[in-house]
Amino acid sequence: MVDIIKKKRDGYTLTKEEIDFFINGYVQGEIPDYQVAALLMAIYFQGMDDEETHLLTDAMLHSGEVLDLSAIKGFKVDKHSTGGVGDKTSLVLTPMVASVGVPVAKMSGRGLGHTGGTIDKLESFTGFSTAITNEQFIKNVNSVGIAIMGQTKDLAPADKLLYALRDVTGTVGNMSLIASSIMSKKLAAGADGIVLDVKCGSGAFMKKEKNAFELARKMVNIGKQAGVKTIAVISDMDQPLGRNVGNAMEVEEAIDTLRGQGPEDLKELCLTLGSYMVTFAGKAGSSEEARQMLTDAISSGKALDKFAEFVKAQGGNSDEVYHPEKLPHAENRMTIKAESDGYISSIMSEDVGIASLLLGGGRTSKDDVIDLSVGIHLDKKVGDECKKGDVIATVYGNDQDRIESAVERLYSAYSFKMTPVKPEELIKGIVD
Ligand code: URA
């Protein structure tokens with residue numbers, strides 16, 4: 001292991017044997033954390049070429065169980081986002097595409113730090129559970145068209161160990177490490193096609209467009225080398241997606257979008273990602289045709305009904321899909337007002353995520369219990385004009401001290417300008 005660390009430290013390329021040695025040794029507990037931490041730091045600074053990244057992914061993918069989804073009829077498409085704030089696309093997308101006949105077999109995670117997780121959000125529905133067996137998972141995809149389960153401990157265990165170590169050693173933000181982490185899990189989860197949403201901007205791992213495109217290219221290459229159809233959409237995360245941040249509040253916004261009334265950016269991103277999922281699955285001849293099918297599924301109510309059916313199949317109260325006022329709601333609120341006339345020039349997504357965490361809506365360690373009812377509504381977004389005294393954001397919480405800390409953090413997330421501001425393009429490009 002010392003030789004491998006020194007080799008990478010000095011900028012050389014690791015071989016398959018060396019990569020397999022360190023992944024297998026780490027998973028089996030034979031290589032200590034401090035040596036793997038040193039290697040991760042060497043990788044962080046020296047990088048890995050495409051072949052090394054592919055070999056690392058392959059070693060991680062085969063460090064545990066690889067799901068066999070062949071019992072599911074049809075072409076299964078998975079979707080993954082590199083992580084953002086207010087990102088509730090999976091809640092909208094999965095029922096939308098399932099309602100036009102694309103089977104969705106999805107593994108999702110919980111939130112950690114300032115980012116949320118799909119599983120926590122779904123647990124806003126009374127009784128909903130993602131703790132289902134592989135057999136139930138496959139059965140639900142065949143009968144309902146969607147199933148979402150938590151990542152089992154047997155799936156890509158090397159990623160679990162490495163991610164926890166990266167989190168505490170300042171080595172998360174390396175492209176090869178991110179690409180192999182995401183793709184090893186996605187490939188182990190057995191989909192036939194993968195649509196990636198690579199976030200770019202202040203609230204994302206990749207702050208610069210150039211790096212987001214490079215990460216997308218690496219992930220698409222890994223997918224293709226594994227024989228899985230893969231495409232990446234690069235989307236803006238310079239401000240949160242949609243207007244709500246917080247678990248139950250994001251579910252409400254997803255329901256609004258499935259009813260055709262959600263925010264424009266969320267709807268647009270879901271239609272873009274969804275149209276690739278539908279064309280991958282061969283249900284439409286072009287992304288334009290797929291887009292039309294998805295738009296029709298929203299206006300006919302088919303997508304919302306599919307969401308209710310899915311929530312019910314996993315033990316949740318589907319009545320709450322049609323009556324989101326029954327979802328958990330916080331008791332108190334506090335508004336933030338503009339102190340002068342102007343235009344919103346930026347909203348730092350990370351600070352908004354941290355404000356939600358301060359309210360109790362997120363975790364600082366993986367065993368924390370979260371308050372699903374709390375969150376933030378962004379009344380104004382980038383480019384919006386505001387007059388002195390206009391409400392720019394509303395904080396919903398259950399504890400006054402927490403609300404005040406969140407308000408302070410949220411206020412610092414906003415920047416203003418005196419002259420009109422043009423928001424960033426939502427979709428920055430496609431890598432296929
Ligand atoms: N999400 C992951 O699953 N892994 C990373 O490394 C970064 C984001």
Side-chain angles (χ1 to χ4, degrees), residues 19 23 26 36-37 39-41 43-44 47-48 52-54 56-61 63-64 67 78-90 106-121 130 148-189 191 194-208 211-223 226 230 232-235 237 241 273 349-350 353 362-363 366:
I19 291 173
I23 290 294
Y26 191 43
V36 178
L39 179 60
L40 289 173
M41 192 56 86
I43 294 173
Y44 184 89
M48 280 184 141
E52 285 176 293
T53 311
H54 162 67
L56 178 61
T57 310
D58 206 47
M60 287 162 72
L61 152 66
S63 66
L67 275 193
D78 202 349
K79 169 259 164 190
H80 191 86
S81 141
T82 56
V85 177
D87 185 3
K88 66 285 287 174
T89 45
S90 290
K106 185 157 173 48
M107 297 255 172
S108 289
R110 293 190 183 274
L112 188 63
H114 74 279
T115 60
T118 300
I119 294 185
D120 296 322
K121 293 172 198 177
T130 50
I148 295 186
M149 72 191 286
Q151 195 187 318
T152 65
K153 65 176 183 356
D154 304 324
L155 199 94
D159 176 59
K160 241 186 212 117
L161 292 170
L162 280 182
Y163 197 84
L165 193 59
R166 287 165 59 208
D167 207 22
V168 293
T169 55
T171 51
V172 171
N174 169 275
M175 258 182 243
S176 292
L177 296 176
I178 296 176
S180 56
S181 163
I182 293 176
M183 293 306 287
S184 63
K185 284 179 290 212
K186 291 290 109 179
L187 294 173
I194 302 173
V195 176
L196 298 161
D197 178 10
V198 177
K199 302 286 190 194
C200 170
S202 68
F205 287 119
M206 297 298 130
K207 314 277 181 221
K208 296 198 182 115
N211 294 343
F213 273 91
E214 179 60 13
L215 174 62
R217 194 193 58 74
K218 274 190 190 292
M219 291 199 287
V220 169
N221 265 351
I222 294 170
T230 310
V233 173
I234 291 79
S235 75
M237 192 30 74
L241 187 66
L273 295 167
S349 307
E350 193 166 338
R363 295 185 182 81
K366 70 179 184 352

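Everything quoted here is computed from the prediction, not taken from an experiment. Just so you know, ligand 1 is whichever comes first in the structure, and atom 1 is the first atom listed for that ligand.
When all heavy atoms of D159 and S184 are compared, the closest pair comes out as CB-OG, 4.1 Å. Pairing each heavy atom of I119 with each of S108, the nearest pair is CD1-O, 3.1 Å.
Of the protein's non-hydrogen atoms, the one nearest atom 7 (C) of ligand 1 is F205 CE1, 3.6 Å. If you check which protein heavy atom lies closest to atom 5 (C) of ligand 1, you get Y163 CE1, 3.2 Å. Distance from atom 3 (O) of ligand 1 to its nearest protein heavy atom, with residue and atom name: K185 NZ, 2.4 Å. Protein heavy atom closest to atom 6 (O) of ligand 1, with residue, atom name and distance, is R166 NH2, 2.9 Å. In this structure, the protein non-hydrogen atom closest to atom 1 (N) of ligand 1 is I182 CG1, 3.8 Å.
A side-chain N or O of D87 and one of S81 form a donor-acceptor pair less than 3.5 Å apart. In summary, the side chains of T89 and K79 do present a donor paired with an acceptor at a separation below 3.5 Å, with no hydrogens or angles considered.
For ligand 1, the atoms sitting less than 4.0 Å from at least one non-hydrogen atom of S181 are 2 (C), 3 (O), 4 (N), 5 (C), 6 (O), numbered in the order shown with element in parentheses.
Checked by distance only, ligand 1 and H80 stay at 3.5 Å or farther apart across all their nitrogen or oxygen atoms.
Once rounded to the nearest 0.5 Å, the distance linking CG of L241 with NZ of K199 reads 5.0 Å.
For V172, the closest heavy-atom approach to ligand 1 does not fall below 4.0 Å.
Under the 3.5 Å distance criterion, the side-chain polar atoms of K88 are matched with a main-chain donor or acceptor of G86.
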